[in-house]
Each structure stands twice: as C-alpha cells, then as structure tokens.
Amino acid sequence: MNVPQQRKVVTEIPGPKSQEIIKRRSEAVSASLGMALPAVIANAGGGILVDIDGNQIIDMGAGIAVVNVGNSAPSVVKRVQDQVAAFTHTCFMIAPYEGYIEVCEKLNELTPGKFKKKSALFNSGAEALENAVKIARHYTKRQAVVVFEHGYHGRTNLTMAMTAKNMPYKEGFGPFTPEIYRMPMAYPFRSEIPVEHVLEEVIHKIEKEIGGKNVAAIVIEPIQGEGGFIVPPKGFLPGLAKYAKENGALFIADEVQTGFARTGVMFACEDENIEPDLITTAKGIAGGLPLAAVTGRAEVMDEIHPSGLGGTYGGNPIACAAALGAIETIQSQNLIARANEIGKIMVDALKTMQAKYPAIGEVRGRGAMIAIELVVPGSKDPNGELLGKLVKYAQQKGVLFLTAGTYGNVLRFLPPLVIGDELVKDAMAVLDEAFANVK
Ligand code: PLZ
C-alpha cells in the first residue's frame, strides 16, 4: 500500500497548510457546506487519510460508508484508468456500453430476492430513491409513500420530504412534496414498546390515515444510518414487508448506507431474509465514484414505458468501471467476513468502555456499522455536547470519527473494510483516552 498504515500527528489540526486552503475555502465555497474534519487531504488508502501537512489520520468514516474497499483500491484504479483512456461518456440512453450492463447483472445477482431482477443506474443515493418512488407509483398506480421516524433518504425535494430530521436538512427548504407519510419507528434504546405493538400502530395508522389501498410503497433503511444506526428489533422489517405484500404496496429497502458488505453481509436485508421488491444502492457501490442503482423485480422495473427513466450521466462508464472494481474487491478480499472481524474488535472495545463510562448509553449495530449513543449519565437524555468534545479530541490525536443521530448524540464507526486490526484498535484506544480526558 502506498499510504503508510500508521497514525501520525505532526502539526495541530488543521496544520498551517490546511489553514491556508481552508481560508480560501471560506472565500470561495458556499458557507452552506459542512466540514467535519478541518484537514485538507492529499492522499488516502487503507485506513489512513494523509493531509497536506503530513498528518496521518485514521479514517473511521470511509467518506460516509463509501470507500468500503478503501480509497484508490487497486482494482478500482486500474479499471477506471483503462475506461477513462478508452472513452468517458456516450450517455447510456444514446449509445450503450458493456460496463453498465455488467453492473446491472452483478446487482441483479447479488441483491436478495430469488426472482428475476433488473436494474437501472443513477448518480446519487437521493436520485435512486427518487426513481424507486417513481417506479413504485407508476407500477401500483398509487401515490402514498410510507417512511419512518429517524429515516434519511436524501436532500432533493422528494427525499427531503422522506427524510425525518428538520435541522439541517429541511429547515427553510419547503414546501415539500405531498403524499409522504411518516410512521413510528421501533427504536429499542428509546422505547420499551414491544415490536409487535409498534408494528400494530404503524399498520393502524396506515389503515386509518392513508388507507392501505392507497400505499404505493413502504420505504425503510434496514439499519437507519443518519438517524443514528438504529437497528430495528427482529420482526419489524418482516412485518412491514408482509403488510406491503398483502396490500399491494412495494417494499423498498434503502440500502444506500448499509449495502456492499458494510453490515457483515452483502446487503443488510439478508439478516432477516427479507426480499424487497426494490432495493436502492449507492455509496459503497463504486469505491468513491458517483453511482447509484435501483434493483428489483423484473416485472416492476419493466412496467415503466420506454424512456420513462434515465438521465444524462446515470451509469457513467467510469463510475461503472469503478463499481466492477469495487465489487470484485469485496469478493476477492472477502470483505464481508472482514466487516464482521472489524465489528467485533470495535464492539469488544466499546463494551469495555461502556462499563467504565456511564455516558455510553448503548453500543449497537452490525458488522462494521457500529455506533454508541451518548447520554447524560444516569439518564437517557441525549449528550450531544460530549459527542462534540470527543470528536474534537480525537481529531487532534489523528482519528476521524463521524457523528449521527436525530438527537445529535451518536458516534458512528464505519471504517473502510480494508483497514488493519491495529488501526482499529488504535482508534478505539484514542476514543478511550478521549472519554477519560474530556469533561
Ligand atoms: N439513503 C440511507 O444514508 C446518504 C448523507 C450525507 P446521496 N447519507 C449521507 C449528507 O449529509 O448529505 C443517504 C443515505 C440513505 C439515501 C442517501 C442519499 O444519498 O448519495 O447523499 O444522495
């Protein structure tokens, strides 16, 4: 690997070179864009980000679950280089190329569901969700879309409406698209209501407030990502899928964040043997290049009239080449098993910390999609203040941790799946140190 797999801090973060560029950033770039880590990146690979001041920072976020195969994974680089030299764009709707078709074949084969599937490619997670809803409405000839508390589906107008959290995603950006209905979510840490009662309430609300026969789709993340890595209790997803099936609605799994080995299986739905009618994917699909997909039942995907779906760049040949490299890497390096190994190291360390630090309310997640929810000790009150301090402390020590959660109190761990054991353990040791030192 061309990037040394070791944490090393040689300046304050941001260092002097980063500071200069960040100054230019604030002059040139809209203030609306966030910046979790104030360090300008020069190079990255494995589990390390190298900034322009020479700091080597442990990457516990993978660019928000994108570089599951690591930055610049060799197979991604090679295929992208070959493709970019051959041709960069024809527009798949104008003149086809094999890469697009091959990515669809792989998705149809790898996604859960023992039925004939087809796929269509897009540019971003939000765009995949937009298209999944278009497809569901067209196919069912119904309009209502059911989503959930704490859910996140994107920043376009439709997907903002589908996203639960107002700040920062929706504030002032309305009006939002109609016919989106938000239902209660089973959130074990914050509610003792048994899963069958939550399901009953969801179904009751659908029946009374929407009417079952009006529902085009039920859309849910199998583990909620931005909402705080909320893992629904067993039975919740199968119950929703069953209700959808019995009522002629489509069950859509948003696997944008959970997909591609992240949760210790290829797709998180496999955990309870769910076979969604449609699956949306993005992020981990292409090792960092912008690509997204809707994959689902062939009769649903084919029901749309010719030219009903598309877009100039969707399934761009370079992104498709990257996807083929990423999928090949996941399989050849057995990153599914690796996600479970990484997860075990993190959970063991976090449980040990939980016994020492009462601010850790819960350790949860699956595979290498793990989080801790921070509370005010002795209560379940969200402790967002501590979260901010921990993240800052870790950054100064050369570890990047990402945050999440409706209440802004969740520290999430989603490293590249090619990270080594030593780096994961080192990151956990820095977190332990942070808990011991910040007040
Ligand atoms: N569905 C489940 O997690 C993107 C958002 C980052 P795009 N999550 C990261 C931010 O603050 O904008 C996401 C997701 C789930 C859809 C999306 C949207 O994917 O590729 O960001 O559009």
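Count residues from 1 along the sequence. Source: prediction; values computed, not measured. Every number for a ligand or one of its atoms is a count from 1 in the order of the listing.
- Note: no N/O pair closer than 3.5 Å links Ile64 and ligand 1 by distance alone.
- Here the heavy atom of the protein found nearest to atom 1 (N) of ligand 1 is Asp254 OD2, 2.7 Å.
- Scanning the protein for heavy atoms near atom 9 (C) of ligand 1, the closest one is Lys283 NZ, 2.9 Å.
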If you apply the rule side-chain contact (heavy atoms from CB on, under 4.5 Å), what do you find for Leu121 with Leu107, and how did you get there?
CA-CA 10 Å; Leu121 304 183; Leu107 288 167; 3.9 Å; yes

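- No close placement of the Phe122 and Tyr313 rings is indicated, their centers lying 6.0 Å or farther apart.
- Residues Arg190 and Glu362 are not paired through a salt bridge, judged by the lack of any N-O separation under 4.0 Å between the basic side chain and the carboxylate.
- Looking at Val256 next to ligand 1, no N or O pair under 3.5 Å apart turns up.
- Residue-level proximity to ligand 1 for Glu127 is absent, since no heavy atom of it falls below 4.0 angstrom.
- Residue-level proximity to ligand 1 for Ala126 is carried by backbone and side chain together, each with a heavy atom below 4.0 angstrom.
- At a 3.5 angstrom cut-off on N or O pairs, Tyr169 does not count as close to ligand 1.
- Residue Glu221 has at least one heavy-atom neighbour below 4.0 Å for each of these atoms of ligand 1: 2 (C).
- Geometric assessment of Arg297 against the ring of Tyr139 yields a negative cation-pi assignment under the 6.0 Å and 45° thresholds.
- The ligand atoms of ligand 1 that sit less than 4.0 angstrom from a heavy atom of Arg155 are 10 (C), 11 (O), 12 (O).
- Between Ala261 and Ile336, the closest heavy-atom pair is CB-CG1, 3.6 Å.
- The side chain to side chain donor-acceptor pair (under 3.5 Å) with Gln257 is formed by just one residue from the set Gln224, Lys283, Glu226, Arg262; it is Glu226.
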Going through the distances and angles, do Asn214 and Gln143 end up as a side-chain hydrogen bond (donor to acceptor under 3.5 Å, both in side chains)?
CA-CA 6 Å; Asn214 296 320; Gln143 296 186 356; over 6 Å; no

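- Contact atoms of ligand 1 toward Gly125: 7 (P), 18 (C), 19 (O), 20 (O), 22 (O) (distance under 4.0 Å to a heavy atom of the residue).
- Each of the following atoms of ligand 1 lies closer than 4.0 Å to a heavy atom of Ser124: 20 (O), 22 (O).
- Classification of the Phe236-Phe148 ring pair by plane angle, with boundaries at 30° and 60°, yields perpendicular.
- Within the 4.0 Å cut-off (strictly below), a protein heavy atom is located near atom 11 (O) of ligand 1.
- For the pair Glu341 and Arg338, the salt-bridge criterion is met [side-chain N within less than 4.0 Å of a carboxylate O].
- Residue contact check: Gln257 has heavy atoms under 4.0 Å from atoms 3 (O), 8 (N) of ligand 1.
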